[in-house]
Amino acid sequence: MAKWLVKSEPDECGIDDFARDPQGVIPWDGVRNYQARNFLAQMQEGDEVFIYHSSCKHIGIAGIVRVAKSAYPDPLQFDPDSRYFDAKSSPDKPRWQAVDLSFVRKLPKLISLDRIKSLQGLTDLPLVRKGTRLSVMPVSDHDWETILTLDATPNGH
DNA sequence: GCCAACGTTGGC
DNA sequence: GCCAACGTTGGC
C-alpha cells in the first residue's frame, strides 16, 4: 500500500473538515499541476495520505486520511463557473484527475515542518526539498514511519 | 506582505 | 524548441 502526502490550506480543506464528517468523503479536486496529477492518478483505494497544512500559522502534518476512491476525471475542469475550469480539456479526453479521500485520524499534536526538517535520514522527500511546490507527493514507507515517530499518540495507533 | 523558486505560456 | 514574461506557491 503506497503512502502519500497532500498539501491543503486548513481554512479551505484541512483535517478538521475531514473530522467533521468521519464517514464522508471529500473530493480532492482542483489539482492543476501535471506532476501532482500524475501522482493522484497512481493512488489506490486504501492508500494512506498525510494531510499537510500549508500557508497558515501552524505549518505541518495535521492528520491522516485514506483514499476512498481512486482517480477519476476532475469534474471542475468542465465547469465554466469554476476557477478550475480548463477550456482545453474535454470529457472524452480529460486532462485533470481527482480522488476521494476519507478521514482516518487527526494527530493529537501537529507535526511541524521544523520537526520534519530536523529528522535524519529522510529519503528524497519533496516536502523538505528547497523550492518545491509539489502539492501531491509520494512518501516512502521508511519516511512515513520516521515521521510518525514524532506522533504523540499513546500506544501507537 | 515580501520574495525566491518554480511551472506555464506564448512569441519567435 | 528556446526563453522571457508572467502567475503561483508557500515559508518567512
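By convention in this document, chain letters (A, B, ...) are assigned in the order of the sequence lines, proteins followed by strands, and residues within each chain are numbered from 1.
Atom-to-atom, OH of A/Y84 to P of C/dT8 comes out at 11 Å; the value is rounded to the nearest Å. Put simply, NZ on A/K130 is 4 Å from P on B/dA5, counting in whole angstrom units. Atom-to-atom, CZ of A/R133 to P of C/dT8 comes out at 10 Å; the value is rounded to the nearest Å. Taking atom CG of residue A/D86 and atom P of nucleotide B/dG7, one finds them 19 Å apart after rounding to whole Å. For the pair A/W96 CH2 and B/dG7 P, the computed distance is 13 Å after rounding to whole Å. One interatomic measurement links the two molecules: CG of A/N33 to C1' of B/dA5, which rounds to 14 Å at whole-angstrom precision. Rounded to an integer number of Å, the gap from CZ of A/F39 to C1' of B/dG7 is 15 Å.
Atom NZ of A/K106 has 12 or fewer heavy atoms from other residues, nucleotides or ligands within 6.0 Å.
Annotation: side chain of A/I64 is in contact with side chain of A/F50 (closest heavy-atom distance under 4.5 Å).
Between A/W96 and A/Y34, the two ring planes are tilted [angle within 30° to 60°].
A/V99 and A/I26 fall within a single hydrophobic cluster, where Ile, Leu, Val, Met, Phe, Trp and Tyr are joined by side-chain heavy atoms under 4.5 Å apart, directly or via other members.
Looking at heavy-atom distances under 4.0 Å, A/K57 makes no contact with the nucleic acid at all.
For the side-chain hydrogen bond (donor to acceptor under 3.5 Å, both in side chains) criterion with A/D74, the lone passing option out of A/R32, A/R37, A/R95 is A/R32.
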Under the side chain to side chain contact (heavy atoms under 4.5 Å, CB included) rule, what do A/R83 and A/L76 come out as? Steps first, then yes or no, please. CA-CA 8 Å; A/R83 62 177 286 216; A/L76 300 182; over 6 Å; no

I'd like a list of close polar pairs between nucleotides 9-12 of chain B and the protein, N/O only, cut-off under 3.5 Å.
none

